[in-house]
Amino acid sequence: MSDVVVAKFGGSSLADSEQFQKVRNIVFGNDKRRYVVPSAPGKRFKKDYKITDLLYLCYEHAKNEISFEDVFKHIEERYKTLALELNVDVDIQSHLEEIKLKIEEGASADYTASRGEYLNGLILAAFLNYEFVDAAEVIKFKHFGTLDMAATEIAVRERLKNIDKAVIPGFYGAIDGKIKTFSRGGSDITGAIIARCTNAELYENWTDVSGFLMADPNIVANPKSIENVTYKELRELSYMGAKVLHEESIFPVRDVGIPINIRNTNRPEDKGTFIVDEQRVQAYGDTITGIAGKKDFVVIAIQKMLMNLEQGFCRKLLTILESNGVSFENMPAGIDSVSLVIEECQVGDKLEIILEEIKRQCNPDTIDVHPNMALIATVGKGMNRTKGVATKIFKSLSEAEVNVRMINQGSSEINVIIGVENEDFENAYRAIYSAFVK
Ligand code: ASP
């Protein structure tokens with residue numbers, strides 16, 4: 001590991017000049033923060049626009065031969081104000097003119113959207129007095145659009161070899177000189193790639209929350225924050241909807257053991273959450289790391305005598321789902337029964353067809369549909385080695401008079417998933433939380 005910390009700042013951290021000042025204080029607060037990855041300016045207030053959204057809108061208008069003049073004015077305004085208030089020596093006007101012209105001439109959606117990060121990178125580099133390194137030079141894509149990590153590693157190492165401090169805009173790279181972006185929120189991925197390629201000791205991801213909370217603050221009042229979470233636990237929590245970080249940003253750093261620290265630009269004194277390798281944290285006692293949950297699932301419960309002896313039964317079920325374009329969340333099974341737990345929005349109006357096909361192809365004894373179900377996942381790395389975790393969960397639910405309709409343990413054994421009626425969801429969620437957090 002080298003003496004490098006890569007700091008990525010999200011859109012809300014760079015939404016206006018006041019936020020830029022905070023970013024500068026943070027960067028200058030640690031000499032190791034040598035490589036900085038910015039997003040495009042985000043919202044300054046709730047009803048504000050994100051620059052990236054406006055750029056996509058310009059592209060759409062231009063494509064449909066509608067004037068994008070007014071939308072582009074908003075973008076110009078934001079960058080000009082930034083450059084003026086920060087007093088940086090960047091000829092923002094000529095960059096904006098060039099971008100506008102290219103959009104008029106039919107520039108791609110990727111090129112257009114990437115300019116949000118590009119311009120912000122230019123301004124931030126000047127403001128920090130760091131070198132600007134265009135991501136198009138170093139982040140390389142393959143022909144079918146996925147990241148070319150090998151070529152990127154070579155390019156980043158070569159380009160940054162003699163550069164002590166640099167700003168590299170997030171979200172985009174290039175293929176054969178043509179700009180290509182990651183999916184939305186992709187600056188997180190750029191940050192992770194730069195951390196990997198510079199052998200960083202830490203990848204800091206600065207945003208507007210102080211890391212992850214143990215529970216949803218809309219359900220539990222003032223939940224505790226999570227100090228350490230493993231990559232695996234994070235997956236279990238994020239699959240139920242707890243999202244702060246782009247999912248693909250984990251892979252570049254996880255492979256090489258670089259921890260990610262989620263920090264809050266508006267509260268830099270908070271330590272935030274560290275996302276770390278399993279080896280780095282000790283599994284401790286009957287505590288949990290977090291709770292995640294979601295409402296509105298439908299459970300299709302299928303019973304058939306001697307199901308366990310019938311080869312291909314589950315394959316047929318899953319093929320029915322696949323051919324209807326439906327993915328499932330969970331599939332708890334007993335000896336003669338199996339349930340498919342599916343998000344209601346996935347099923348939509350396909351339920352009748354799916355049931356018909358199951359009856360026809362699988363010939364079950366009974367098939368029942370339970371709508372309005374909620375799932376709650378309780379996640380904790382210590383769970384698989386600790387006695388009593390399940391007892392605590394179920395005791396709390398029984399005391400809260402919640403009827404548990406389904407129980408499943410993820411095969412990673414760091415996760416217990418329970419199904420309850422939608423109307424019991426909040427009650428159950430709070431009961432589990434208070435069983436573990438005093
Ligand atoms: N600006 C891009 C977006 O809004 C990428 C990012 O912010 O990470 O999706």
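We number each residue from 1, following the sequence as shown. Start at 1 and go down the list; that is how both ligands and their atoms are numbered.
- Both the sub-6.0 Å distance and the 45° axial angle are satisfied by Arg24 relative to the ring of Phe127.
- Ile262 has its side chain out of reach of Phe274: every pair of non-hydrogen atoms, C-beta onward, lies at least 4.5 Å apart.
- Remark: of the listed residues Lys8, Lys271, Glu204, Glu204 is the sole one forming a side chain to side chain contact (heavy atoms under 4.5 Å, CB included) with Arg263.
- Note that Lys295 lies outside the cation-pi zone of Phe425, set by a 6.0 Å cut-off to the ring centre and a 45° limit from the axis.
- In summary, Lys161 and Glu158 engage in a salt bridge, as defined by a charged side-chain N under 4.0 Å from a carboxylate O.
- Among protein residues, Ser39, Lys50, Thr52, Glu117, Phe171, Arg184, Gly185, Gly186, Ser187 come within 4.0 Å of ligand 1, judged on heavy atoms.
- In this structure, Arg115 is positioned above the aromatic face of Tyr118, its NZ or CZ under 6.0 Å from the six-membered ring centre and within 45° of the axis.
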